[in-house]
Enquirer: 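Handing you this structure, nothing more for now.
Side-chain atoms are counted along with the backbone in the values below, which use heavy atoms only and exclude waters and symmetry mates. In what follows, chains are A, B, ... by sequence order, proteins preceding strands, each numbered from 1.
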2 protein chains.
Amino acid sequence: MLNYSVSEENYIKAIFHLQEQAGTVTTNELAGELSTKPASVTDMLKKLKAKKLLHYQPYQGFRLSADGNKVALGVVRRHRLWEYFLSVKLKFSWDEIHEVAEDLEHVSSKKLIDKLDEFLGFPRFDPHGDPIPDINGNIIASKTICLQELTPDTRAIVSNIKDQSTQMLEVLQHKSIGIGTRLEIRRKFEYDKSMEVKIGRLPVITISEHLAKNIFVQAI
Amino acid sequence: MLNYSVSEENYIKAIFHLQEQAGTVTTNELAGELSTKPASVTDMLKKLKAKKLLHYQPYQGFRLSADGNKVALGVVRRHRLWEYFLSVKLKFSWDEIHEVAEDLEHVSSKKLIDKLDEFLGFPRFDPHGDPIPDINGNIIASKTICLQELTPDTRAIVSNIKDQSTQMLEVLQHKSIGIGTRLEIRRKFEYDKSMEVKIGRLPVITISEHLAKNIFVQAI
DNA sequence: AAATAAATTTAGACAAAGCTAAAAAAATAA
DNA sequence: TTATTTTTTTAGCTTTGTCTAAATTTATTT
Ligand SMILES: [Mn+2]
Ligand SMILES: [Mn+2]
Ligand SMILES: [Mn+2]
Ligand SMILES: [Mn+2]
């Protein structure tokens with residue numbers, strides 16, 4: 001396995017995440033995601049194409065090649081294992097881990113990561129509920145549903161939080177919602193698309209449309 | 001506290017180590033230490049001087065300023081804490097940790113390092129016996145003696161190993177010597193400057209001049 | 001189907017960090 | 001004290017990754 005620069009890895013990971021949504025990625029999207037300029041993106045695309053990590057024809061959008069995908073899964077594995085370490089072992093709070101993992105993910109010793117994985121007990125999900133690729137790059141394709149789509153009287157387990165900001169953490173903590181929380185939809189209101197949800201024996205809480213769109217669950 | 005590039009940090013740390021020996025450092029020495037060219041060193045010296053991290057007049061040698069020293073202690077702290085983590089938590093062997101720590105030391109989140117320190121139980125020495133600067137940059141000035149200098153019938157505790165190669169590890173393990181090992185000098189031979197040493201109830205072992213020069217101890 | 005707007009690429013610059021080869025300064029030897 | 005050698009610095013070039021401004025291509029409106 002070759003080694004890639006920090007910049008290359010950040011681009012590859014960003015493309016990986018963007019193409020999960022739309023299949024193919026555009027220059028502007030990627031520039032937005034990386035807080036850089038479209039011209040810089042074009043330069044990097046040429047480089048990644050030359051290294052056969054990317055399928056790309058000028059003006060046509062792009063997506064990772066099989067090799068590019070493998071590289072991306074390596075970066076994602078490192079990122080999420082470090083997030084787990086920071087959260088579980090170092091007791092970082094939920095919203096501080098991403099930034100630090102953004103640096104740690106580029107330390108590329110394979111042995112380091114595999115030993116870290118073992119030390120952590122081979123966790124399969126990071127603290128945001130995202131699946132961690134295993135040593136062979138296999139990743140659990142968890143079929144989660146957006147909370148917003150559930151109908152009354154359905155029960156579900158919170159498995160993933162999309163927005164990972166401090167503000168999100170604040171509201172989640174206030175409402176006693178976290179990864180693994182079991183909840184039951186009680187009512188939905190057409191007016192503002194808000195819903196009422198029951199968690200354990202706690203009083204019923206209200207969840208706004210905005211919030212529900214960022215919470216993903218597995219139905220039971 | 002400002003942030004420095006990976007390259008700047010590697011230069012600063014190397015100067016820190018070199019000046020411990022000689023007080024002042026030369027361009028060629030530093031180029032050798034960093035496996036780079038003297039011309040590249042001169043370029044970096046100018047930059048570090050401009051940032052007031054270095055006392056430097058062309059052709060005159062150089063040493064870190066007070067600020068430069070502080071930066072160096074930060075890098076050394078990170079390096080040695082990660083070495084401890086790799087050795088104690090991830091069970092890396094003694095000779096593999098330096099290389100990985102060489103990368104990890106540049107992840108500069110202060111909170112990460114202080115939490116790691118706490119997680120590790122505030123260790124004061126790394127796996128090679130080198131002191132770890134604390135959160136304020138204070139470092140234990142351990143007054144160790146070279147094993148070669150001890151005379152027969154002296155007892156001592158191994159506190160530091162200078163050469164950190166795989167070859168050194170092999171011979172140390174074979175002879176049951178590690179950091180913390182108590183030993184007693186039994187005989188010294190003028191002929192080849194070798195010595196005989198007793199460790200616990202084990203049979204007496206012979207230590208060559210070459211080996212003894214790389215082992216540092218505290219007398220008891 | 002033009003005309004206009006938006007997205008993308010190209011051209012040209014720049015900063016960081018490295019290199020080689022040549023020049024200059026300092027140290028050492030004759 | 002010269003002459004020679006060693007050390008250090010300077011000059012000029014390269015690569016990586018970024019930027020702005022201009023050109024080009026594609027998409028959207030009239
Ligand atoms: Mn990153
Ligand atoms: Mn995550
Ligand atoms: Mn380093
Ligand atoms: Mn060490």
Side-chain angles (χ1 to χ4, degrees), chain A residues 2-15 18-19 21-64 68 71-72 75 102-103 105-108, chain B residues 2-15 18-19 21-64 68 71-72 75 102-103 105-108:
Chain A
L2 279 140
N3 253 349
Y4 299 97
S5 73
V6 169
S7 213
E8 288 171 329
E9 288 188 343
N10 283 334
Y11 272 89
I12 291 167
K13 193 182 63 165
I15 297 168
L18 288 174
Q19 76 183 14
Q21 317 293 128
T24 187
V25 187
T26 69
T27 304
N28 269 359
E29 267 172 13
L30 185 50
E33 178 76 14
L34 291 169
S35 304
T36 184
K37 304 292 162 183
S40 308
V41 169
T42 302
D43 286 344
M44 183 59 88
L45 293 179
K46 287 183 198 163
K47 210 195 317 182
L48 295 179
K49 180 180 183 176
K51 294 190 179 184
K52 300 194 187 299
L53 299 171
L54 200 64
H55 297 296
Y56 164 58
Q57 292 304 118
Y59 297 102
Q60 299 304 126
F62 43 90
R63 67 196 154 78
L64 293 177
V71 175
V75 182
E102 201 55 54
D103 287 340
E105 71 187 4
H106 304 293
V107 177
S108 60
Chain B
L2 278 141
N3 254 349
Y4 299 97
S5 73
V6 169
S7 212
E8 287 171 328
E9 288 188 344
N10 283 333
Y11 272 90
I12 291 167
K13 193 181 63 166
I15 297 168
L18 288 174
Q19 74 181 16
Q21 318 292 126
T24 188
V25 186
T26 69
T27 303
N28 270 357
E29 268 173 12
L30 186 50
E33 177 78 13
L34 291 170
S35 304
T36 185
K37 304 291 161 181
S40 306
V41 169
T42 302
D43 285 346
M44 183 59 88
L45 294 179
K46 287 183 197 163
K47 210 197 314 184
L48 295 179
K49 182 181 181 175
K51 295 190 178 184
K52 298 194 187 302
L53 299 171
L54 201 64
H55 297 297
Y56 165 59
Q57 291 304 119
Y59 297 103
Q60 299 302 128
F62 45 88
R63 67 196 155 76
L64 294 176
V71 174
V75 182
E102 200 57 53
D103 287 341
E105 72 187 3
H106 304 292
V107 177
S108 61

Enquirer: Is the closest side-chain heavy-atom distance between B/K51 and B/Y4 below 4.5 Å?
Expert: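 The answer is yes, as the side chains (C-beta and beyond) meet within the 4.5 Å cut-off.
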
Enquirer: Could you provide the dot-bracket string of DNA chain C, using ( ) for intrastrand pairs, [ ] for crossing pairs and | for bases paired to another strand, with Watson-Crick or G-U pairs below 3.5 Å?
Expert: ||||||||||||||||||||||||||||||

Enquirer: Rounded to whole angstrom units, what separation is found between the NE2 atom of A/H106 and the C1' atom of D/dT16?
Expert: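 So the NE2-C1' distance, A/H106 to D/dT16, works out to 16 Å.
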
Enquirer: Rounded to whole Å, how long is the line connecting atom CE of A/M44 with atom P of D/dT16?
Expert: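 Distance check: A/M44 CE to D/dT16 P gives 10 Å.
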
Enquirer: Using the side-chain contact (heavy atoms from CB on, under 4.5 Å) rule, take A/H55 and A/Q60 through it: C-alpha gap first, then chi angles, then the decisive distance, then the call.
Expert: CA-CA 10 Å; A/H55 297 296; A/Q60 299 304 126; over 6 Å; no

Enquirer: Nearest-Å distance, NZ (A/K51) to P (D/dT15)?
Expert: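 Nearest whole value for this atom pair: 13 Å.
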
Enquirer: 5'-most contact on DNA chain D: B/E29 or A/V6, nearest heavy atom basis?
Expert: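 With B/E29 and A/V6 compared, the 5'-side residue is B/E29.
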
Enquirer: Starting from C1' on C/dA13, measure out to NZ on A/K37 and report it in whole angstrom.
Expert: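 Computing the A/K37:NZ to C/dA13:C1' distance gives 16 Å.
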
Enquirer: What is the distance, rounded to the nearest whole Å, between atom CD of B/Q57 and atom P of C/dA25?
Expert: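 From B/Q57 CD to C/dA25 P: 15 Å.
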
Enquirer: Verify whether one side chain among A/N10 and A/H106 offers a donor that lies under 3.5 Å from an acceptor in the other.
Expert: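 On atom types as modelled, these side chains qualify, holding a pair under 3.5 Å.
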
Enquirer: Looking only at side-chain N and O atoms, does B/N28 come under 4.0 Å of OP1 or OP2 in D/dT8?
Expert: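 Yes.
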
Enquirer: Does some side-chain heavy atom of A/V75 sit less than 4.5 Å from a side-chain heavy atom of A/I12?
Expert: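 In short, these two side chains do not touch, never coming nearer than 4.5 Å.
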
Enquirer: Provide, to the nearest angstrom, the distance between the CD atom belonging to B/E8 and the P atom belonging to C/dG18.
Expert: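 It works out to 10 Å between those atoms.
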
Enquirer: When you check the phosphate oxygens OP1 and OP2 of C/dC19, does a side-chain N or O of B/T36 lie under 4.0 Å from one of them?
Expert: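 For B/T36, the contact criterion (side-chain N or O under 4.0 Å from OP1 or OP2 of C/dC19) is met.
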
Enquirer: Going by heavy atoms in the side chains, are A/L48 and A/Y56 under 4.5 Å from each other?
Expert: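 A/L48 does not reach A/Y56 side chain to side chain.
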
Enquirer: What protein N or O atoms touch nucleotides 10-13 of chain D N or O atoms at under 3.5 angstrom, if any, and at what distances?
Expert:
| from | atom 1 | to | atom 2 | distance (Å) |
| --- | --- | --- | --- | --- |
| D/dT10 | OP2 | B/K46 | NZ | 3.0 |

Enquirer: Have a look at B/Y11 and say if it touches a base, only the backbone sugar-phosphate, or nothing, with a 4.0 Å heavy-atom cut-off.
Expert: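 Sugar-phosphate only.
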
Enquirer: Enter the distance from B/Y11:OH to B/L54:CG here, rounded to the nearest 0.5 Å.
Expert: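 If I round to the nearest 0.5 Å, the distance is 12.0 Å.
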
Enquirer: Rounded off to whole Å, could you give me the CG-to-P distance for the A/L30 and C/dT8 pair?
Expert: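 Computing the A/L30:CG to C/dT8:P distance gives 10 Å.
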
Enquirer: Counting the atoms with a prime plus P, OP1 and OP2 as sugar-phosphate, which does A/S7 contact under 4.0 Å by heavy atoms, base, sugar-phosphate, or nothing?
Expert: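 Since only primed, P, OP1 and OP2 atoms lie under 4.0 Å of A/S7, the category is sugar-phosphate.
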
Enquirer: In whole Å, I'd like the distance from the CD atom of A/Q60 to the P atom of D/dT25.
Expert: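 Answer to the nearest Å: 12 Å.
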
Enquirer: Residues two or more places apart in sequence or in another chain: which of them pass side-chain contact (heavy atoms from CB on, under 4.5 Å) with B/E33?
Expert: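 B/E33 satisfies side-chain contact (heavy atoms from CB on, under 4.5 Å) with B/A14, B/L18 only.
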
Enquirer: Minimum heavy-atom separation for A/K13 to A/E105, with atom names?
Expert: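 Taking every non-hydrogen atom into account, NZ-OE1, 2.9 Å.
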
Enquirer: Give me the atom names and distance for the closest heavy-atom approach of A/P38 to A/A31.
Expert: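 So the two residues come closest at N-CB, 3.7 Å.
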
Enquirer: Is the phosphate of D/dT16 approached by A/S5 (side-chain N or O, under 4.0 Å from OP1 or OP2)?
Expert: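 Checking D/dT16 against A/S5, no side-chain N or O comes under 4.0 Å of OP1 or OP2.
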
